Amino acid sequence: MIDPRLLRDDPDAVRTSLRRRGESPDKVDALVAADAARRSAIAQFEALRAEQKQIGRQVAQASGDEKTALLERTKALSAQVKEADAEQARASEEFDGLLRSLPNLVAPEAPEGGEDDFTVLDVVGTPRDFAAEGFTPRDHLEIGQLLGAIDIERGAKVSGSRFYYLTGVGAMLELALVQLAMSTAQKWGFTPMIPPALVRSRAMEGTGFLGQAADDVYHLEKDDLYLVGTSEVPLAAYHSDEILDASSLPRRYAAFSPCYRREAGSHGKDTRGIFRVHWFDKVEMFTYTTLEESYAEHERLLGWEREWLDALELPYRVIDVATGDLGSSAIRKFDCEAWVPTQERYREVSSTSNCTEYQARRLDIRVRGTASDGGGSTGPAATLNGTLCAMTRTIVALFENGQQADGSVALPKALHPFLGPVLKPVA
RNA sequence: GGAGAUGUCGCAUAGUGGCCUAGUGCGCCCGCCUGCUAAGCGGGUUGAGGUUUAAACCUCUCGCGGGUUCAAAUCCCGCCAUCUCCGCCA
């Protein structure tokens, strides 16, 4: 959530941000009113409570008629305090609920508009000219079947649509990517992590996934646990309710985990192969830092994502995602999109978001000793996340871009130590 | 899954209904003293919220949430976590 003080000091900034996201700014008025109601309820409760405590101390020392009289007064007061406390709690809860439903402010630099209004920041590499090479490219599923790497029919038989088995070299390719990604991230200074993929609602809500994205989340009702759609969730919640020493920042974690997504609302989209699935594995980067440092860290995360794609020798472009297409936690988001030859377009393979203090406020993650005030006080941390390697989409890109006329796939040098230079059709 | 125990300030502990405005020790911070170091002496040291120009004051916070009571760290109920034992299990 955003800084509640901003609602009092500069509500127009909040309205402007909502408008830029394509949302109605109306709820700002309700928030300002709820804030005023909350504060007045708190003041009322505290005044009554102070009186109750004062008289309570007198009761302990009094005796006889004096005590009876005091008890008379404080008995009535007790009911009033209880009532005021309930009202204060109700008003605070209402304000908190409204505040949590508000998305993060958007960065002024983020381009305004919807899904198609992104800005292209860079284009790297050149898509191959298959016509010049004299053959028509096969799509990733066809290649995966030739290599014995992907079994989509049995995935559907066992688990339904959008499920798959990685088999043979497919399974080994994923493990190679995981191993390479984790060790590379460790070299960059990230702490390797394998986090839980089932989390409580606190973690899910705190990272901002139970708002507009709630339909995309799997929920295990019997246990009230959620399957994470990204390890951003357990990584953000890792330090919840903690105060981090400023000198320990930035803290960088790289996590390998499965990711589960209901893909509600994407019926009929990307139905072929393993491009859009209900489950995939991913290595995710995550940083805890300060607000001031978050902007530079966002650029660094993008830099590492690019370095990874460079190492995989994939052609890609980088886009600055438009305000209307940002998640509720993010103020700005950069996507890396790899070229997919059979679709003749760039498709998202990684994404990095600066969530500033939004998640940290919800999860109560604070920093002690920020530079701005000599080191004594605490303030919310800033969190950022970025994909290092989403397995299925990376496999799609590697297969399609590396394919050769005979159905084999030439691998980037970085993967040679694991799998050799070429994956060959099985039969 | 069953039985039992435990949860107090960074750490260790005291606290069995009003003297708790949570004490003490350690650690940490500031100062004094001191050839140096150590010791010693004095003060400070959970976090959040509210009133406010400020200073200051007030409220909440003893794992979390309810309840009893004029009054709860303390009594009752539920939950969470940890530990020990039994069962099951990769």
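Throughout, a chain's letter reflects where its sequence line sits, starting with A, and its residues are numbered from 1. In this text, all values refer to a predicted model and were calculated from it rather than measured experimentally.
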Residue mapping more 5' on RNA chain B - nearest nucleotide basis, S78(A) or D364(A): D364(A)
Which comes earlier along RNA chain B counting from the 5' end, the contact point of A47(A) or that of R5(A), where each point is its nearest nucleotide? R5(A)
Among [options], the one nearest [X] by side-chain distance:
X	options	value
K53(A)	A71(B), U59(B), G50(B)	U59(B)
R8(A)	A48(B), U51(B), U59(B)	U51(B)
F45(A)	G47(B), G50(B), U59(B)	U59(B)

Any cation-pi pair here, R306(A) with Y316(A), using under 6.0 Å and within 45°? no
When the [atom1] atoms of [N] and [M] are considered, how many whole Å apart are they?
N	M	atom1	answer
G67(B)	U74(B)	C1'	15 Å
A73(B)	U6(B)	C1'	15 Å
G7(B)	C11(B)	P	15 Å
C85(B)	G47(B)	P	38 Å
A71(B)	C88(B)	C1'	49 Å
C9(B)	U45(B)	C1'	9 Å
A39(B)	C26(B)	C1'	16 Å
A12(B)	A3(B)	C1'	30 Å

[X] [atom1] to [N] [atom2]: how many Å, rounded?
X	N	atom1	atom2	value
Q88(A)	G49(B)	CD	C1'	9 Å
I365(A)	G47(B)	CD1	P	18 Å
I42(A)	A48(B)	CD1	C1'	11 Å
E93(A)	G49(B)	CD	P	18 Å
Q44(A)	C58(B)	CD	C1'	15 Å
E46(A)	A48(B)	CD	C1'	11 Å
D245(A)	G47(B)	CG	C1'	16 Å
I243(A)	C28(B)	CD1	P	20 Å

Sequence-distant partners of [X], ring-ring contact (aromatic ring centres under 6.0 Å, His included), two or more places apart:
X	result
Y218(A)	none
Y358(A)	none
F95(A)	none
F256(A)	none

Between the protein and nucleotides 61-66 of chain B, are there any N/O to N/O pairs under 3.5 Å, and if so, what are the atom names and distances?
none

Any side-chain N or O of [X] less than 4.0 Å from the OP1 or OP2 oxygen of [N]?
X	N	result
K75(A)	A71(B)	no
T74(A)	A71(B)	no
Q52(A)	A71(B)	yes
S40(A)	U51(B)	no
R368(A)	U46(B)	no

How would you list, by chain and number, every residue that makes a side chain to side chain contact (heavy atoms under 4.5 Å, CB included) with [X], sequence neighbours excluded?
X	answer
L419(A)	M172(A), L173(A), A176(A), L411(A), L423(A)
R200(A)	L225(A)
K413(A)	E313(A), H416(A)

When you compare the protein's N or O atoms with those of nucleotides 88-90 of chain B, which come within less than 3.5 Å of each other, and at what distance?
none

Below 4.0 angstrom, N of the basic side chain to O of the carboxylate: do E297(A) and R300(A) qualify? yes
Between R162(A) and E263(A), does at least one N-O distance fall below 4.0 Å, as a salt bridge requires? no
Determine the contact category for R361(A): base if any of its heavy atoms lies under 4.0 Å from a base atom, sugar-phosphate if only primed atoms, P, OP1 or OP2 are that close, otherwise nothing. nothing
Pick base, sugar-phosphate or nothing for R38(A), based on heavy-atom distances below 4.0 Å to the nucleic acid. sugar-phosphate
Side chain to side chain contact (heavy atoms under 4.5 Å, CB included), that's the test. Do V14(A) and L7(A) meet it? Break it down for me. CA-CA 7 Å; V14(A) 184; L7(A) 284 165; 4.3 Å; yes
Check whether the side chains of Q52(A) and T74(A) place a donor and an acceptor atom closer than 3.5 Å, and report yes or no. no
Is the backbone of T289(A) close enough, under 3.5 Å, to the side chain of R251(A) for a donor and an acceptor to pair up by distance? no
Is any side-chain heavy atom of F418(A) less than 4.5 Å from a side-chain heavy atom of Q179(A)? yes
Could I get a table of every N or O pair under 3.5 Å where one atom is in the protein and the other is in nucleotides 15-20 of chain B?
residue	atom	partner	partner atom	Å
G18(B)	N2	G56(A)	O	3.3

Criterion side chain to side chain contact (heavy atoms under 4.5 Å, CB included) on Q359(A) and E232(A), from CA distance to verdict: CA-CA 11 Å; Q359(A) 296 176 330; E232(A) 171 191 344; 2.8 Å; yes
Tell me, which pairs form a salt bridge (charged side-chain N to carboxylate O under 4.0 Å, His left out) where one or both residues lie in residues 10-23 of chain A, sequence neighbours left out? D12(A)-R15(A), R15(A)-D29(A), R20(A)-E112(A)
Paired with C20(B): which nucleotide, if any, by Watson-Crick or G-U wobble criteria at under 3.5 Å for both distances? none
Short heteroatom pairs, N/O only, protein and nucleotides 77-80 of chain B, under 3.5 Å:
residue	atom	partner	partner atom	Å
C80(B)	O3'	R200(A)	NH2	2.8

Picking from Q343(A), R272(A), Q403(A), what satisfies side chain to side chain donor-acceptor pair (under 3.5 Å) with D139(A)? R272(A)
